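To keep things clear, I will list the structure first and then write my remarks on it.
Nothing here was measured: the structure is a model prediction, and the numbers come from that model.
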Amino acid sequence: MDNKEIYKKTISFSLRRLLWDIFSVIIFVIIAGIGFLIAEQATNKGLIGLGIGAILGGIVMYLISRYVSYSYKAGQIAMMTQAVTEGKLPDDVIAAGKKTVKEHFSTVAAYFAITGVIKGIFQQIGQGITAVGKAVGGNNGETIGSVISSVIQTIVAYLCDCCLGWVFYRKDEKPAKATLEGAVLFFKNGKTLLKNLGRVFGMGLAPFLIIGGVFTGIFYLIMLNFPDFFANLSSEIIEAAARAETTIPDFISDINSLTLFCAFLGGVCMWSFLHSAFVRPFVLVGVLRNFIEAGKKNIPNESDFVELDKKSSKFKKLHSEL
């Protein structure tokens with residue numbers, strides 16, 4: 001199966017995740033809005049109600065992401081991995097994906113424990129690069145190191161997914177050991193894997209400008225119909241800042257600028273959802289294929305683990321627990 005075929009066969013996971021993401025946002029907005037209206041009418045302190053509602057809505061979004069969306073994301077990676085390594089997929093990819101995830105991670109906690117370790121390893125090494133840059137070149141070196149670290153963090157999400165794919169591929173190994181192997185693979189085959197970097201950035205930036213820009217405009221036109229809401233929001237933020245003796249950005253005191261800012265946040269959210277659902281999976285297939293193929297040629301061993309122990313304490317800790 002080529003990359004386009006794999007993408008088309010597994011896009012159903014993305015569609016389901018997108019629906020749940022949109023549902024969670026709607027719930028968030030409704031709960032936050034109810035909190036604002038109740039507090040505004042009862043105590044004329046709508047900002048406090050908005051904050052409480054946002055917290056409650058955020059909890060709901062978190063639960064949906066943790067217990068629903070994760071299964072579709074992990075299932076999609078599992079099926080992509082199977083397609084890359086076996087060249088075929090079952091007819092019911094959703095059921096097969098969920099089954100594979102359950103076989104490898106019997107609980108939600110087990111899944112997030114492994115993905116947390118993967119993110120921690122790459123983020124720690126990225127921070128290390130920044131520290132080295134500062135030590136060598138002072139502030140200028142720190143800036144250069146920070147830029148390099150930012151680039152690394154941009155692809156961390158893809159590497160995490162690739163490591164997760166490797167865990168599914170190495171089904172006869174314990175997830176913890178397969179995770180270590182996945183981390184080693186990046187550092188042993190960095191040049192091969194980073195050849196996708198230009199496409200990662202390009203296919204991230206273009207949709208951001210197009211999707212984010214279009215939805216920012218749409219949300220702005222909609223929000224212009226609620227001037228009283230943004231006027232009240234602005235005044236309450238200003239009052240709260242005055243009581244706390246803190247400064248706030250100038251745009252908050254300008255109703256039109258505040259409205260535009262809120263519309264921009266909405267546009268960014270929509271870009272994030274749509275990019276994650278449709279663009280990112282397409283890029284991931286290619287990156288994952290390179291990752292798996294590089295790993296199959298040279299499966300990491302104990303000596304490779306020892307080398308990476310020196311670069312990441314999180315990696316070393318997981319290695320010591322095997």
Side-chain angles (χ1 to χ4, degrees), residues 1-21 68-106 110-111 114-115 118 155-175 177-186 188-190 192-200 202-204 207 273-300:
M1 299 179 69
D2 62 26
N3 292 352
K4 288 184 179 180
E5 289 177 315
I6 296 173
Y7 174 76
K8 290 178 180 179
K9 285 281 287 184
T10 58
I11 195 64
S12 53
F13 288 98
S14 296
L15 294 173
R16 284 166 172 76
R17 281 182 59 205
L18 179 61
L19 290 175
W20 278 103
D21 286 340
V68 180
S69 295
Y70 98 94
S71 64
Y72 290 118
K73 177 181 178 180
Q76 185 174 37
I77 295 171
M79 291 296 96
M80 285 181 174
T81 302
Q82 181 176 326
V84 166
T85 56
E86 300 179 12
K88 60 182 180 180
L89 283 173
D91 293 331
D92 191 347
V93 292
I94 296 293
K98 288 184 176 181
K99 180 181 178 182
T100 302
V101 172
K102 189 174 181 179
E103 289 173 349
H104 284 75
F105 308 104
S106 57
Y111 167 80
I114 291 299
T115 55
I118 294 171
I155 61 173
V156 159
Y158 287 94
L159 296 176
C160 289
D161 290 348
C162 287
C163 282
L164 189 57
W166 183 258
V167 172
F168 288 126
Y169 170 67
R170 296 282 284 167
K171 53 188 175 184
D172 295 330
E173 287 289 352
K174 293 181 179 179
K177 183 178 180 181
T179 299
L180 297 184
E181 292 178 346
V184 168
L185 283 176
F186 167 70
K188 290 185 66 175
N189 304 278
T192 300
L193 301 173
L194 290 179
K195 69 181 183 181
N196 296 97
L197 185 58
R199 185 167 62 163
V200 168
M203 296 191 73
F273 291 150
L274 295 176
H275 179 269
S276 177
F278 299 111
V279 180
R280 194 167 176 275
F282 181 76
V283 179
L284 177 60
V285 176
V287 179
L288 181 62
R289 185 184 294 277
N290 288 335
F291 192 94
I292 298 293
E293 289 179 352
K296 289 168 67 176
K297 295 176 182 178
N298 190 7
I299 295 178

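Considering every non-hydrogen atom in both Phe278 and Tyr7, the closest pair reads O-OH, 2.6 Å. A pairwise comparison of heavy atoms in Ile299 and Arg170 identifies CD1-NH1, 3.5 Å as the closest pair. Annotation for Asn3 and Gly286: closest pair ND2-CA, 3.6 Å, computed over non-hydrogen atoms. Shortest non-hydrogen contact noted between Met1 and Gly87 is CG-O, 3.2 Å. Taking all atoms of both residues into account, the shortest heavy-atom contact from Lys177 to Glu173 is CD-OE1, 3.2 Å. The heavy-atom pair separating Gly182 from Phe291 by the smallest distance is O-CZ, 3.2 Å.
Residues Leu180 and Pro300 are not in side-chain contact: their nearest non-hydrogen atoms beyond the backbone lie 4.5 Å or more apart. With contacts defined as side-chain heavy-atom distances shorter than 4.5 Å, the pair Leu284/Cys162 qualifies. Side-chain contact between Phe273 and Arg17 is absent, with no heavy atoms from C-beta onward closer than 4.5 Å. Residues Lys73 and Leu164 form no side-chain contact, since every pair of their non-hydrogen atoms from C-beta on lies 4.5 Å or further apart.
Between the CZ atom of Phe282 and the CD1 atom of Ile6 there is a distance of 11.0 Å, given to the nearest 0.5 Å.
Looking only at distances, no side-chain donor or acceptor of Glu293 sits under 3.5 Å from a matching main-chain atom of Asn290.
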Identify all side-chain donor-acceptor contacts of residues 74-85 below 3.5 Å with residues at least two apart in sequence or on another chain.
| from | atom 1 | to | atom 2 | distance (Å) |
| --- | --- | --- | --- | --- |
| Gln76 | NE2 | Thr10 | O | 3.1 |
| Gln76 | NE2 | Ser14 | OG | 2.9 |
| Thr81 | OG1 | Ile77 | O | 2.8 |
| Thr85 | OG1 | Thr81 | O | 2.8 |
| Thr85 | OG1 | Gln82 | O | 3.4 |

Check: residues 93-105 side-chain donor-acceptor pairs under 3.5 Å, at least two apart:
| from | atom 1 | to | atom 2 | distance (Å) |
| --- | --- | --- | --- | --- |
| Thr100 | OG1 | Ala96 | O | 2.9 |
| His104 | ND1 | Thr100 | O | 3.0 |

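Annotation: salt bridge (Lys or Arg N to Asp or Glu O under 4.0 Å) contacts involving residues 76-95, sequence neighbours excluded, are absent.
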